[in-house]
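Here's the structure, in structure tokens; my notes come after.
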Amino acid sequence: MDVRRRHHQPRLPATNPAALNPSTRRKTLAGGGDEAEPPKASDALPLPLYLTNGVFLTLFFSVVYFLLQRWREKIRNSVPLHVVSLSEIAAIVAFLASFIYLLGFFGIDFVQSFISPRSSSVWTDDDDEVDQVDDKPRPNCGVAIPKEQEIPVPKAIDFTAEDEEIVQLVVNGDVPSYSLESKLGDCFRAAKIRRGALQRMTGRSISGLPLEGFDYDSILGQCCEMPVGFVQIPVGIAGPLLLDGREYSVPMATTEGCLVASTNRGCKAIYLSGGANSVILKDQMTRAPVVRFGSARRAAELKFFLEDPDNFETLSLVFNKSSRFARLQDIKCAIAGKNLYIRFACSTGDAMGMNMVSKGVQNVLDFLQRDFPDMDVIGISGNYCSDKKPAAVNWIEGRGKSVVCEAVIKEEVVEKVLKTDVASLVELNMLKNLTGSAVAGALGGFNAHAANIVSAIYIATGQDPAQNVESSHCITMMEAINDGKDLHISVSMPSIEVGTVGGGTQLASQSACLNLLGVKGADRECAGGNSRLLATIVAGSVLAGELSLMSAIAAGQLVKSHMKYNRSSRDMSKAAS
């Protein structure tokens, strides 16, 4: 077996590992059997280490004192220093021995490096030696590195002669990697060739990244460019979530242990208490271009024109031509000097709507250019939207779907299912989610972990995971009601940005998760109905997640539960072998 070596030092000749000292022999995990105990420096001595240290330390200072005294007498008596007696020879030998011991930091590792230089190497079952990366102490340094953890050599991919020629052209730069799909007309073949070229150019293996079993045609030109494989993320189910009188099994794609289990517990508490209720407050996606004029006065003139109610109908007609679903709802403007930021808000049906609203904005800008020819359009987006960034404008005005979700959790459910009490939850919510977040200067982060649930559902259902930033804006409120016996909990989320058509929602796995929720595709009866329903499910799931996590913290169960669900007890090295 060829092993890539980290140090450019000569390879030692092969030696039978069994001939080495048993304390330095290390078994590989692939070879089977119990792992040998890591050798200790003190194993080479018959005495305890602290006694040995004391002996050598005392010996060192004693012989130094003795030799200094003897040399002082020789100098006084004019006796040459090179004339030594038997006792002086013994003292010099003892000095050298104790000095070597101390120089090696209590000596044993230093001496052993001369006695058995191969004892610091790691052995595999085929007697190949792998040098350590460096000489620094490392955890579990007595355990052999399994072959699966060695530096991977790029795995060869079987290519036809024609494909091999194309791979070499990509490696040489004669054929651009991004053009493979259009040149070959086969998306899977293009991904395979790109993958092979990538491994050859980088010298690194990506064999653990799956290639086969994915429909690469489905992402061409809309989801991902230059693919070389796909990532597998496990999907768990929380629920049933009883929301607005209907039950939902909520798919959550995550690699965080305890998250699905915790959300599931919150769903149970909500279900046993009669369910949760939600309200859609707003449904409007936004886009805000930035334009510039020669003066602030001229920028203000356009601001007044756009915000004049008499002009809204005309602007709406121009805007709505971009799509049969896009409907302009509002225009707000902000001035910074001679620069004007125009925030258009519109409904977008069941699509998340970024492209739809951008097209409508472009129509309006082209229309305005006739009456304001001195208007210089700097950018179709001026960050006053605001997309994929925490912003007060989204927290206050909303973006996407603005949702409020609430539930009343009965006292017996709080005690039996959540293992805490109402008073503790109310106090913790005030000090943590409200006061603590205020002390931290949070923007839209007055919650325990809304982003956890939002991200997991977004990935499972094909949403844009980057929009988790503003979609996770949430304030969690808790209040004791019914004479302090029951708990009223609510989450207010002003900017949930979701869609059930377009983007990643059309991929097979994500489409299946949407179908599980009953919101796949466009709502034929009511435009935007499925996307609004998905937004309420996200809010209801966040409500369940907040309820469960806050209860775990109040009951002191957070660390214990994460150690149980978020820490693997499997020996992954043995599993790999």
If you round to the nearest 0.5 Å, how far is [atom2] of [Y] from [atom1] of [X]?
{"X": "S347", "Y": "N320", "atom1": "OG", "atom2": "CG", "value": "8.0 Å"}
{"X": "R200", "Y": "N172", "atom1": "CZ", "atom2": "CG", "value": "10.5 Å"}
{"X": "D387", "Y": "S381", "atom1": "CG", "atom2": "OG", "value": "7.0 Å"}
{"X": "M493", "Y": "L281", "atom1": "CE", "atom2": "CG", "value": "12.5 Å"}
{"X": "R287", "Y": "I380", "atom1": "CZ", "atom2": "CD1", "value": "7.0 Å"}
{"X": "D174", "Y": "Q168", "atom1": "CG", "atom2": "CD", "value": "9.0 Å"}

Going by heavy atoms in the side chains, are [X] and [Y] under 4.5 Å from each other?
{"X": "S316", "Y": "Q329", "answer": "no"}
{"X": "T263", "Y": "V542", "answer": "no"}
{"X": "V175", "Y": "K183", "answer": "yes"}
{"X": "D366", "Y": "V318", "answer": "no"}
{"X": "I481", "Y": "L487", "answer": "no"}
{"X": "I166", "Y": "L180", "answer": "yes"}
{"X": "M354", "Y": "M352", "answer": "yes"}
{"X": "C333", "Y": "L340", "answer": "yes"}

Self-check item: Qualifying residue for side chain to side chain contact (heavy atoms under 4.5 Å, CB included) with V491, from V538, L543, L547
Solution: L543
I'd like to know if [X] and [Y] make a salt bridge, using a cut-off of under 4.0 Å between side-chain N and carboxylate O.
{"X": "K401", "Y": "D283", "result": "yes"}
{"X": "K192", "Y": "D163", "result": "no"}
{"X": "K332", "Y": "D330", "result": "yes"}
{"X": "E427", "Y": "K432", "result": "no"}

For [X] versus [Y], what's the shortest heavy-atom pair and its separation?
{"X": "V290", "Y": "Y341", "value": "CG2-CE2, 3.5 Å"}
{"X": "M478", "Y": "L425", "value": "SD-O, 3.7 Å"}
{"X": "T461", "Y": "P251", "value": "CG2-CG, 4.4 Å"}
{"X": "G445", "Y": "S437", "value": "O-OG, 3.0 Å"}
{"X": "I459", "Y": "Q510", "value": "O-CG, 3.9 Å"}

Quiz prompt | Option passing side-chain hydrogen bond (donor to acceptor under 3.5 Å, both in side chains) with E301 (candidates R298, K303, R297) | solution = R298
Quiz item: With R327, which residues qualify under salt bridge (charged side-chain N to carboxylate O under 4.0 Å, His left out), at least two apart?
Solution: none
Does [X] reach the main-chain N or O of [Y] with its side chain, forming a donor-acceptor pair under 3.5 Å?
{"X": "N311", "Y": "F305", "result": "yes"}
{"X": "R265", "Y": "S548", "result": "yes"}
{"X": "T435", "Y": "M430", "result": "yes"}
{"X": "H449", "Y": "G545", "result": "yes"}
{"X": "N447", "Y": "T476", "result": "no"}
{"X": "R195", "Y": "I206", "result": "yes"}
{"X": "D350", "Y": "S531", "result": "yes"}
{"X": "S179", "Y": "P176", "result": "yes"}
{"X": "S262", "Y": "L259", "result": "no"}
{"X": "S495", "Y": "E470", "result": "yes"}

Quiz item: Is there a side-chain hydrogen bond (donor to acceptor under 3.5 Å, both in side chains) between D421 and S424 once you walk through the steps?
Solution: CA-CA 6 Å; D421 58 83; S424 297; 2.9 Å; yes
Quiz item: M375 and L302: side chain to side chain contact (heavy atoms under 4.5 Å, CB included), yes or no, with the steps?
Solution: CA-CA 9 Å; M375 179 181 70; L302 178 57; 3.7 Å; yes
Please check if atom [atom1] in [X] has more than 12 non-hydrogen atoms from other residues, nucleotides or ligands closer than 6.0 Å.
{"X": "E307", "atom1": "CD", "result": "yes"}
{"X": "Y384", "atom1": "OH", "result": "yes"}
{"X": "K282", "atom1": "NZ", "result": "yes"}

Those residues that, when tested against [X], pass side chain to side chain contact (heavy atoms under 4.5 Å, CB included) (two or more places apart):
{"X": "R370", "value": "F367"}
{"X": "F325", "value": "S323, M356, A527"}
{"X": "A300", "value": "F304, I335"}

Show every donor-acceptor pair shorter than 3.5 Å between a side-chain atom in residues 225-246 and any protein atom, with sequence neighbours excluded, or say none if there are none.
unit_1: D244; atom_1: OD1; unit_2: S278; atom_2: N; d: 2.9
unit_1: D244; atom_1: OD2; unit_2: S278; atom_2: OG; d: 2.5
unit_1: R246; atom_1: NE; unit_2: Y248; atom_2: OH; d: 3.3

Practice problem: Before giving the answer on side-chain hydrogen bond (donor to acceptor under 3.5 Å, both in side chains), spell out for N394 and S386 the whole-Å C-alpha distance, their side-chain angles and the decisive distance to 0.1 Å. | Solution: CA-CA 7 Å; N394 292 336; S386 175; 4.7 Å; no
Practice problem: Begin with the C-alpha distance, continue with both residues' side-chain angles, and end with the deciding distance and a verdict on side chain to side chain contact (heavy atoms under 4.5 Å, CB included) for T286 and F344. | Solution: CA-CA 5 Å; T286 64; F344 294 85; over 6 Å; no
Self-check item: Chi angles and distances behind the side chain to side chain contact (heavy atoms under 4.5 Å, CB included) call for K338, S295
Solution: CA-CA 5 Å; K338 57 183 181 179; S295 65; 5.5 Å; no
N/O donor-acceptor pairs under 3.5 Å from side chains in residues 496-503, not counting sequence neighbours:
unit_1: E497; atom_1: OE1; unit_2: Q467; atom_2: NE2; d: 3.3
unit_1: E497; atom_1: OE2; unit_2: R399; atom_2: NH1; d: 2.9
unit_1: T500; atom_1: OG1; unit_2: G521; atom_2: O; d: 2.7

Practice problem: Can you label the angle between the F293 ring and the F372 ring as parallel, tilted or perpendicular, going by 30° and 60°? | Solution: perpendicular
Quiz item: Are side-chain N/O atoms of S455 and N468 paired as donor and acceptor at under 3.5 Å?
Solution: yes
Quiz item: For E181 and Y216, does a side-chain donor sit closer than 3.5 Å to a side-chain acceptor?
Solution: no
Exercise. Determine, stepwise, if the pair Q506 / Q222 fulfils side chain to side chain contact (heavy atoms under 4.5 Å, CB included).
Key: CA-CA 10 Å; Q506 64 184 357; Q222 50 192 351; 2.7 Å; yes
